[in-house]
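Keep in mind that the numbers below use all heavy atoms, side chains included, and drop hydrogens, waters and symmetry copies. Reminder, nothing fancy here: chain letters follow the sequence lines and each chain counts from 1.
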2 protein chains.
Amino acid sequence: MQMTSKIESFVMHCGEMGSRWGFNRTIGQMYGLMIIMPEPLSATTLSETLNISRGNVSMGIKELQSWRLVQVHHIPGDRKDYYGPAGSIWEMAQRVFEERRKREMDPTLSLLRATILDEPANEQEAYAQEKMREIHDLLETITHWAAELQTMSPEKLNTLMKLGAGVGKVLDMKAKLLSDSSRK
Amino acid sequence: MQMTSKIESFVMHCGEMGSRWGFNRTIGQMYGLMIIMPEPLSATTLSETLNISRGNVSMGIKELQSWRLVQVHHIPGDRKDYYGPAGSIWEMAQRVFEERRKREMDPTLSLLRATILDEPANEQEAYAQEKMREIHDLLETITHWAAELQTMSPEKLNTLMKLGAGVGKVLDMKAKLLSDSSRK
DNA sequence: ATAAAGTTTCAGAAATTTCTGAAACTTTAT
DNA sequence: ATAAAGTTTCAGAAATTTCTGAAACTTTAT
C-alpha cells in the first residue's frame, strides 16, 4: 500500500516520537498509520507498507493491545485479522495517559509505601523518609486526581480544559459561597 | 559516602524508573540521591557513592540542569561545585511535566500545523488531514491547559486536585449560575 | 607564570534495545 | 486427516544508547 508524502511524513514522525510516547519506533509508525487510514489494515499490509518484518509487526500489535489502543476487525469470508485504532482520539489520549501513569507511578508508590512504614534507623534515614513521604503524598494526590478525570466524559473534560485558568476563579467562587453559607 | 539499605533501595529504584521518567538510569540515581540527602553533594561524591565514572556524572548533571532540576551550591573556601535538588517536590514535578510536554508534544504540534495547511491531494489525504486536525486540536487544548496549570501556585493546584471529581460538580454549579443569570 | 584542583569532552567499549527471519504453532476449510 | 493460510515465538544480528576513562580545558591561588 503506497503512502502519499504527507501521510508518510506523519507516520515517520510518529516513529521518531514513539520512544518518547512510551513505545518504540516501529510501534509508533504502526499506530500512526492505523490512525490516519480510514480502513483497518492487515498485519501483512503493515509489514509491507512500513518495511518491517512480519514478526516485528506481530510483536508490535501485541504491545499496542496491552495499551488497549487497537481493535481487531474481521471481514466476512476472510480469515485475516485487520487492525484499526480503538476509540476516538480523546479516548486514545486517555488510555495513553492512564497506562503511562500506571507504569511510571504505581511501582514507585508501592516502594515508597513499604519504605515509609519502617522505623528510621538514624537521623539521615529520618530525613530521607520524610522526603519519601512528600513524594508519596504527591504521587497519591496525582493518582487520585487522574482516576477521577478518567471517569469524566470527553466532553466534560474538554469543557474543563477549555475553561483553563478559569478553574482558579471557579474555585474562588466556591470558597466564597462556602464561607458565606458558614457565616450565616 | 555510605548509603543505608533503605536509601540505597530508593536510589536504585529511581535508576530503574529513570528511563520511564525521561532520563536514563544513572541520571535517575543521581537525582534520587540528591533528593534524599539533606546536604548538596559534590560530583566526586556522586561518582563514588553510585560507582559511576566522573565523566558520566558530569554529563548527567548537564542533562538534569537542562530540565532545571538541580541547583549548584558553593561552600566558602571550597572551590568544588555541590549539587542539590532545585525547589520543592511540587516544583520538581511541575518541571518534569513541563519539560516532557515540550519534548513530547511541541514537535508533533508543529508538524501537524504545517501538514494541515496544505490542500489535500485526494480523498485519502483529506481523511488523513481530518484526523491530524483532531490530534492537533487535542494537543493544543492540553498545551493551553498545562500552561495555565503552570501559573497556579502549588497550594492552589493541590486544592484543585484534592477536590477531584468535585470539579465536575463545581462546573455544573457554574453552568447553573450562568443560566440563572441569563434567564433573568 | 605556574601548578593545583577541579570540570568537560569525546572516541570507542559495553550494555541494552530493537529487529529479522526461520521454525513452531494455530485455525479453518475441505 | 490434510493442507493452506495465517499468527506467534524466539535466538541471534543489527542498531542504538549509555558509560568509561584519558585528554583537553578552566578556574583559582600563589
Side-chain angles (χ1 to χ4, degrees), chain A residues 1 11-34 40-67 70-84 103-104, chain B residues 1 11-34 40-67 70-84 103-104:
Chain A
M1 200 206 52
V11 170
M12 293 301 117
H13 178 84
C14 292
E16 282 151 36
M17 299 302 284
S19 55
R20 308 203 170 195
W21 277 89
F23 10 85
N24 65 33
R25 176 148 32 109
T26 44
I27 293 178
Q29 292 176 354
M30 287 169 50
Y31 191 46
L33 189 58
M34 285 181 204
L41 304 168
S42 71
T44 308
T45 306
L46 286 168
S47 165
E48 287 168 358
T49 308
L50 300 170
N51 273 293
I52 284 167
S53 77
R54 189 63 190 65
N56 200 3
V57 168
S58 172
M59 291 190 298
I61 287 169
K62 241 177 98 186
E63 174 76 5
L64 284 171
Q65 277 169 335
S66 83
W67 287 71
V70 293
Q71 188 172 8
V72 184
H73 298 253
H74 285 103
I75 295 179
D78 183 341
R79 68 162 73 155
K80 274 207 204 79
D81 285 346
Y82 290 85
Y83 303 94
R103 291 163 200 228
E104 294 171 6
Chain B
M1 201 207 50
V11 169
M12 292 302 118
H13 177 86
C14 292
E16 281 151 37
M17 299 301 286
S19 54
R20 309 203 168 194
W21 278 90
F23 12 85
N24 65 33
R25 175 149 32 113
T26 43
I27 293 179
Q29 292 176 353
M30 287 168 51
Y31 191 45
L33 189 57
M34 285 181 203
L41 304 167
S42 70
T44 308
T45 307
L46 286 168
S47 163
E48 287 168 356
T49 308
L50 300 170
N51 273 295
I52 285 168
S53 75
R54 191 61 192 66
N56 201 2
V57 168
S58 172
M59 292 190 298
I61 287 169
K62 242 178 99 186
E63 175 75 7
L64 284 171
Q65 277 169 334
S66 83
W67 288 72
V70 293
Q71 189 171 9
V72 184
H73 298 252
H74 286 102
I75 295 178
D78 184 342
R79 66 162 74 156
K80 274 208 204 76
D81 286 345
Y82 290 85
Y83 303 94
R103 292 164 200 226
E104 294 172 6

Atom pair distance, as rounded to whole Å: [atom1] in [X] and [atom2] in [N]:
{"X": "I52(A)", "N": "dT20(C)", "atom1": "CD1", "atom2": "P", "value": "7 Å"}
{"X": "N51(A)", "N": "dG21(C)", "atom1": "CG", "atom2": "C1'", "value": "15 Å"}
{"X": "L50(B)", "N": "dC19(D)", "atom1": "CG", "atom2": "P", "value": "11 Å"}
{"X": "Q29(B)", "N": "dT18(D)", "atom1": "CD", "atom2": "P", "value": "13 Å"}
{"X": "D78(A)", "N": "dT27(C)", "atom1": "CG", "atom2": "P", "value": "17 Å"}
{"X": "M30(A)", "N": "dT18(C)", "atom1": "CE", "atom2": "P", "value": "14 Å"}
{"X": "R54(B)", "N": "dA23(D)", "atom1": "CZ", "atom2": "P", "value": "17 Å"}
{"X": "K62(B)", "N": "dC25(D)", "atom1": "NZ", "atom2": "C1'", "value": "13 Å"}

Practice task
Answer yes or no: does a side-chain N or O of T26(B) lie under 4.0 Å from OP1 or OP2 of dT18(D)?
Solution key: no
Handout entry: Any T44(B) side-chain N or O less than 4.0 Å from OP1/OP2 of dG6(C)
Key =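 Answer is no, no contact under 4.0 Å.
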With a 4.5 Å heavy-atom cut-off, do [X] and [Y] have their side chains touching?
{"X": "P40(A)", "Y": "Y83(A)", "answer": "no"}
{"X": "L46(B)", "Y": "M34(B)", "answer": "yes"}
{"X": "M30(B)", "Y": "L33(B)", "answer": "no"}
{"X": "V72(A)", "Y": "Q65(A)", "answer": "yes"}
{"X": "M1(A)", "Y": "L41(A)", "answer": "yes"}

Practice task
Could you check which of dA4(C), dA5(D), dT8(C) has an atom nearest any side-chain atom of R79(B)?
Solution key: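 Taking heavy atoms from C-beta onward, the closest nucleotide is dA4(C).
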When both hydrogen-bonding distances must be under 3.5 Å and the geometry is Watson-Crick or G-U wobble, what is [N] paired with, if anything?
{"N": "dA24(D)", "value": "dT7(C)"}
{"N": "dT16(D)", "value": "dA15(C)"}
{"N": "dT30(C)", "value": "dA1(D)"}

Fill in the blank from the handout: When I61(A) and S53(B) are each assigned the nearest nucleotide of DNA chain D, the 5'-most assignment goes to I61(A)
Handout entry: Earlier contact from the 5' end, DNA chain D, for K80(A) and F23(B)
Key =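 Result of the comparison: K80(A).
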Handout entry: Aromatic ring proximity, centroids under 6.0 angstrom, F23(A) and W67(A)
Key =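 Yes, ring centres under 6.0 Å apart.
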Identify the pairs formed between an N or O of the protein and an N or O of nucleotides 10-17 of chain D at a distance under 3.5 Å, and give each distance.
residue : atom : partner : partner atom : Å
dT16(D) : OP1  : R25(A)  : NH2          : 3.3

Problem - Approximate separation, where rounding is to 0.5 Å, of M17(B) CE and E104(A) CD - result: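 If we round to the nearest 0.5 Å, M17(B):CE and E104(A):CD are 7.0 Å apart.
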